[in-house]
Q: 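Please read through the structure below; I'll follow up with questions.
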Amino acid sequence: MPQRPAYNPEQIETKWQKRWMESGVFNAEFPSDKPKYYCLIEFPYPSGNGLHVGHPRSNTALDIIARKRRMEGYNVLYPIGYDAFGLPTENFAIKNKIHPAVVTKKNIDHFREQLQRLGFSFDYTREVNTTDPAYYKWTQWIFLKLLENGLAYKAEMPINWCTGCKCGLANEEVVGGVCERCGSQVVRRVKSQWMLRITKYAQKLLDGLDHVDFIDAVKTQQRNWIGRSEGAEVDFQLAGKDEKLRVFTTRPDTLFGATYMVVSPEHPLIEKFKNEIANYAAIAAYRDEAAKKSDFERTELAKDKTGVEIDGIRAVNPVNGKEIPIWVSDYVLMSYGTGAIMAVPAHDTRDWEFATKFGIPMVEVVAGGDITREAYTDIVDGVLCNSDFLNGLRVADAKKKIIDWLVEKGLGERKINYKLRDWVFSRQRYWGEPIPVVHCPHCGTVPVPESELPVLLPDVENYEPTDSGESPLAAMTDWVNTTCPRCGGPAKRETDTMPQWAGSSWYFLRYCDPHDDKAFASQEALDYFMPVDWYNGGMEHTTLHLLYSRFWHLFLHDLGLVKAPEPYQKRTSHGMILGENNEKMSKSRGNVINPDDIVNELGADAFRLYEMFMGAFDQAIPWSTNGARGCRRFLDRVWRLQDMVLPGEGYSKALTPLMHETIKKVGEDYEAMKYNTAIAAMMSLVNEFYAAGGCTREELRTLILLLSPVAPHICEEMWEQMGFGSGLAREPWPAYDEKAMKRAEVEIGVQVNGKVRGRIMVSPDLTREQAETELPQRADVQQIVGGKTIAKVIFVPGRLCNLIVK
RNA sequence: GCGGGCGUGGCGGAAUGGCAGACGCGCCAGACUUAGGAUCUGGUGCCCCUGUGGCGUAUGGGUUCAAGUCCCUUCGCCCGCACCA
């Protein structure tokens, strides 16, 4: 017999990658009569560090699904692209004086090469790149649609301002209140910015979650992020003035307990009554201090509450006419509700702490707690007291009654509030999509006509943000000075660019028809491929990217441009891969694993196999190169089975039940993303083959099919060498037969009073009734019980029996 | 702080309320071998008085014939927090 060469992944993998690429076997067909299946992974940001071992985790997981679906007869769309605008590339460009486009191209080429070495079944003919003008033309086009529909507007918003660099900073560049680069103090500075009215879609974003198959953690986090709360807006008259202060409250039932009010330091009331506020200087100083803190720091419950009472203005509680003080404190945010609250210290934890610190009186209006010790916030059991016409009512009923009363008296209205805030869409940066509008002194803000899209990002000398806080584009006078599309007079281009989120908010639509130059994608392609059937990505994208892209899709749906309201039918998440020391992988920690090194040592198949085997898919797992070597050993064992083929047709008698069980388990586990147990089942099967001295041809054939989605190269090669056919990409997925899984006897555990005392063999068909009468009679059972009287038998078919004895 | 999640051998992990530790790593022993950091076979939660023994799933309590799994408590770790992606 000629000696078969040892398993050589390098050779095999190159061979099959080339063959797949040349045959285009993984390219999605369009048009097609087949049912479609759209698998999507979050497209990577092509960082200069190259591929991270985290990318292949998600990619392999959905590659398994994509490959399995092809074997099941679907026309699969599994695309790849690059989300290439963004800060790191821009900063690299600034530092090294290289154009970001050049850096981006280099990084993408490197990423593509690394991805191709891993044998993912991507359709590379549909690759997208958010920085390609042919792509961002449509990002700009969607922005214009948002603008046209009143969903884009300009507003004064605070940005992080570095007092040293004299430029705006991303939150990430602010570390502990100072600039990451120069260490100078960072303050909040107000600037006019483009905003997207995502809040208008808050309810739709909430409702849509009821109709999609997202893992619960994602749904819950999205719901909490949107943060719907029902309550009321109530007007408090300012004492002796013709002016009202409006607050939002979720607890209007506690209105009788409102003993003071709090406005946020930025509240317009302060400037308006500047001259009547005796301690204006102190309040202004407090406001300046607050400007140094983030909302996050300001609302921390654990921190010591700070605040200043406004001396000179008081409010009147509308329900009882009592005059109450107004305070300024940074725990009230201008961005939520009305920027002012009524404080009910007896029944709100933050108000309680504040009132306790400053000695403000409390009035208990919901009985049931001890307000001398802590705020009583129970809204289920509480009953109203000290509240005139609300006394004796339960909280829910009181809420309803007081709102009706307020509405009737014209003092307030029912109101639903969302924590969700509008999306700050401007960046004062170079490396992003130019916002396609022109500012004309006569016509105001004028959109660039569609025919002039894309507004190309011009080359500039210097990518650094300017001293004025403007984008580097502002220095490009040739580009900035233009003519107004409406009146033809001199005008200036918008110099802010879009955030990186823009390009990633619709890329899954472009994949459907990536080369279209008449539309972001053709109607036919969208109708056929959308929605995405299965989208996998990181948990860290749950609240921003996932919400932003759903928002854009819902909007395009409202315009009638996409059929379904929701873009993603199913969403799952993968866990992070940590370094071998169980810490997050990072250059500074020196624990980074480079996928290339692993592929060089063990091969792409072993690498893929290990990434799927290392642990539960949705959990964070530390890397272990030894673990990966174990996966390589498994593939070596599988390879050697080619020379261990036993005679016989079909499955051998002894292994028939196990073969069918394994087919069932592997298929079901892949679908449930329980890749680790699917692989464990195949390992067990191979162990059985070795124990039997080999396997039949048919048994090996089935194993290859089951393993092929995870380790496609070795499986293709074995498929060919064994003469099973030419290429297994569209070979039917193996079937199983429940009846064939049946065994003559099964072992069950025997418990005595709940403790395991032994094991016995029983028929798999033994019923509960039979067990109750027959089992106590058996000699082996009696021996386990040891002569005691059996009072009760609890039998769980196929599992165990529990004997209760006296 | 708020929101989401996690906690099981030396390590990664497995387990529809039903025999805890599948599978892999590591380690130990044996076989084969000129050789072994290759391969194959076996063993491997902890403890002891070595048994049909005891104890074991972060902590303390509860529900149940039965709890890693369900409920409550405490502790610890991870992710997100709106200009990183």
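Naming: A, B, ... by sequence-line order, numbering from 1 per chain. Computed from a predicted structure; not experimentally measured.
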Q: Output the single nucleotide from B:A82, B:G4, B:G18 whose closest atom is nearest the side chain of A:Ala217.
A: B:G4

Q: Here's a test for you: under side chain to side chain contact (heavy atoms under 4.5 Å, CB included), which of A:Leu803, A:Val805, A:Asn802 qualifies with A:Asn753?
A: A:Val805

Q: Using a cut-off of 4.0 Å on non-hydrogen atoms, how would the nucleic acid contact of A:Ile159 be classed: base, sugar-phosphate, or nothing?
A: base

Q: Scan A:Glu42 against the nucleic acid and name what it touches under 4.0 Å (heavy atoms): base, sugar-phosphate only, or nothing.
A: nothing

Q: In whole Å, I'd like the distance from the NZ atom of A:Lys755 to the P atom of B:G18.
A: 18 Å

Q: If you look at every strand shown and take non-hydrogen atoms under 4.0 Å, does A:Asp83 touch a base, only sugar-phosphate, or nothing?
A: sugar-phosphate

Q: Look at all strands and tell whether A:Met682 reaches a base, only sugar-phosphate, or nothing, counting heavy atoms closer than 4.0 Å.
A: nothing

Q: Counting any heavy atom closer than 4.0 Å, what does A:Arg757 reach on the DNA or RNA strands: base, sugar-phosphate only, or nothing?
A: sugar-phosphate

Q: Within the structure shown, what part of the strands sits under 4.0 Å from A:Phe634 by heavy-atom distance: base, sugar-phosphate, or nothing?
A: nothing

Q: Could you work out the separation of B:G76 and B:C27 based on their C1' atoms and round it to a whole Å?
A: 29 Å

Q: Of the nucleotides B:A14, B:G18, B:U52, which one has an atom closest to the side chain of A:Asn676?
A: B:A14

Q: How many whole angstroms separate atom OH of A:Tyr336 from atom C1' of B:C81?
A: 15 Å

Q: Would you call A:Arg629-A:Glu601 a salt bridge at under 4.0 Å N-O?
A: yes

Q: Regarding A:Ala616, tell me which of base, sugar-phosphate or nothing describes its non-hydrogen contacts under 4.0 Å with the strands shown.
A: sugar-phosphate

Q: What does A:Ile794 touch in the nucleic acid at a heavy-atom separation under 4.0 angstrom: a base, only the sugar-phosphate, or nothing?
A: base

Q: Mind checking if A:Leu420 touches a base, just sugar-phosphate, or nothing, with heavy atoms under 4.0 Å?
A: base

Q: Looking for any heavy atom pair under 4.0 Å, which part of the strands does A:Lys219 touch: base, sugar-phosphate only, or nothing?
A: nothing

Q: Could you check how far CG of A:Leu546 sits from P of B:G3, rounded to whole Å?
A: 21 Å

Q: From the set B:G12, B:C83, B:C65, return the single nucleotide nearest to any side-chain atom of A:Ile621.
A: B:G12

Q: Are there any protein N/O atoms within less than 3.5 Å of an N/O atom in nucleotides 24-31 of chain B, and if so, which ones and at what distance?
A:
residue : atom : partner  : partner atom : Å
B:G24   : OP1  : A:Asn687 : ND2          : 3.2
B:C25   : OP1  : A:Arg633 : NE           : 3.0
B:C25   : OP1  : A:Arg633 : NH2          : 2.9
B:G26   : OP2  : A:Arg633 : NH2          : 3.2

Q: A:His541 near the nucleic acid: base, sugar-phosphate alone, or nothing, with a heavy-atom cut-off under 4.0 Å?
A: base

Q: Counting heavy atoms from C-beta on, name the nucleotide in B:A82, B:C19, B:C83 closest to the side chain of A:Trp225.
A: B:A82

Q: Can you confirm if the NZ or CZ of A:Arg197 lies within 45° of the ring axis of A:Tyr153 and under 6.0 Å from the centre of its six-membered ring?
A: yes

Q: Under 4.0 Å between a side-chain nitrogen and a carboxylate oxygen: does that hold for A:Glu42 and A:Arg571?
A: yes

Q: May I ask you to verify if any side-chain N or O of A:Gln500 is less than 4.0 angstrom from the OP1 or OP2 atom of B:A85?
A: yes

Q: Calculate the interatomic distance between A:Arg571 atom CZ and B:G4 atom P; express it in whole Å.
A: 18 Å

Q: For A:His574 and B:A85, give me the distance from atom NE2 to atom C1', rounded to whole Å.
A: 12 Å

Q: A:Thr677 has a side chain; which of B:C83, B:A14, B:A20 sits nearest to it?
A: B:A14

Q: Base, sugar-phosphate alone, or nothing: which one does A:Gln193 contact when heavy atoms must sit under 4.0 Å apart?
A: base

Q: Return each pair, listed once, that meets salt bridge (charged side-chain N to carboxylate O under 4.0 Å, His left out) where at least one residue sits in residues 665-683 of chain A; pairs must be two or more places apart or across chains.
A: A:Lys68-A:Glu671, A:Arg69-A:Glu671, A:Lys664-A:Glu668, A:Lys665-A:Asp669

Q: Among B:A85, B:G12, B:U39, find the nucleotide with the atom closest to the side chain of A:Glu540.
A: B:A85

Q: Is any side-chain N or O of A:Arg640 closer than 4.0 Å to OP1 or OP2 of B:C40?
A: yes

Q: Ignoring the backbone of A:Pro88, work out which of B:C79, B:C40, B:A85 is nearest its side chain.
A: B:A85

Q: In terms of side-chain geometry, is the basic nitrogen of A:Arg632 or A:Asp636 positioned less than 4.0 Å from the acidic oxygen of its partner?
A: yes

Q: Need one value for A:Leu544: base, sugar-phosphate or nothing, where a base atom within 4.0 Å counts as base even if backbone is also close, heavy atoms only.
A: base

Q: Anything below 3.5 Å on both distances counts as a pair; with that, list the stems of at least three consecutive Watson-Crick or G-U pairs involving RNA chain B.
A: B:1-7 with B:75-81, B:10-12 with B:23-25, B:26-31 with B:39-44, B:45-47 with B:53-55, B:60-62 with B:70-72

Q: Just N and O in the side chain of A:Lys674: are any of them under 4.0 Å from OP1 or OP2 of B:A15?
A: yes

Q: Measure from the side-chain heavy atoms of A:Val756 and tell me the nearest of B:C19, B:A15, B:G80.
A: B:C19

Q: How is A:Leu87 classified with respect to the nucleic acid when contacts are heavy atoms under 4.0 Å: base, sugar-phosphate, or nothing?
A: sugar-phosphate

Q: Check A:Glu433 with A:Arg427, please: is the shortest side-chain N to carboxylate O separation under 4.0 Å?
A: no

Q: Indicate yes or no: does A:Asp780 engage A:Arg778 in a salt bridge with an N to O separation below 4.0 Å.
A: yes

Q: Closer to the 5' end of RNA chain B via nearest nucleotide, is it A:Trp501 or A:Asn802?
A: A:Asn802

Q: Between the base of B:C19 and the side chain of A:Arg799, is one N or O donor paired with an acceptor at under 3.5 angstrom?
A: no

Q: Any chance the side chains of A:Ser229 and A:Asn417 put a donor and an acceptor closer than 3.5 Å?
A: no

Q: Mind checking whether A:Phe111 and A:Tyr82 have parallel, tilted or perpendicular rings, split at 30° and 60°?
A: perpendicular

Q: Using the side-chain heavy atoms of A:Ala680, tell me which of these nucleotides is nearest: B:C23, B:A85, B:U16.
A: B:C23

Q: Measure from NZ or CZ of A:Arg637 to the centre of the six-membered ring of A:Tyr690, then state whether that distance is under 6.0 Å and the direction lies within 45° of the axis.
A: yes

Q: For the side chain of A:Arg427, counting heavy atoms from C-beta on, which of B:C65, B:A82, B:C83 is nearest?
A: B:C83

Q: Ignoring hydrogens and geometry beyond distance, is a side-chain donor-acceptor pair present between A:Gln193 and A:Gln428 at under 3.5 Å?
A: yes

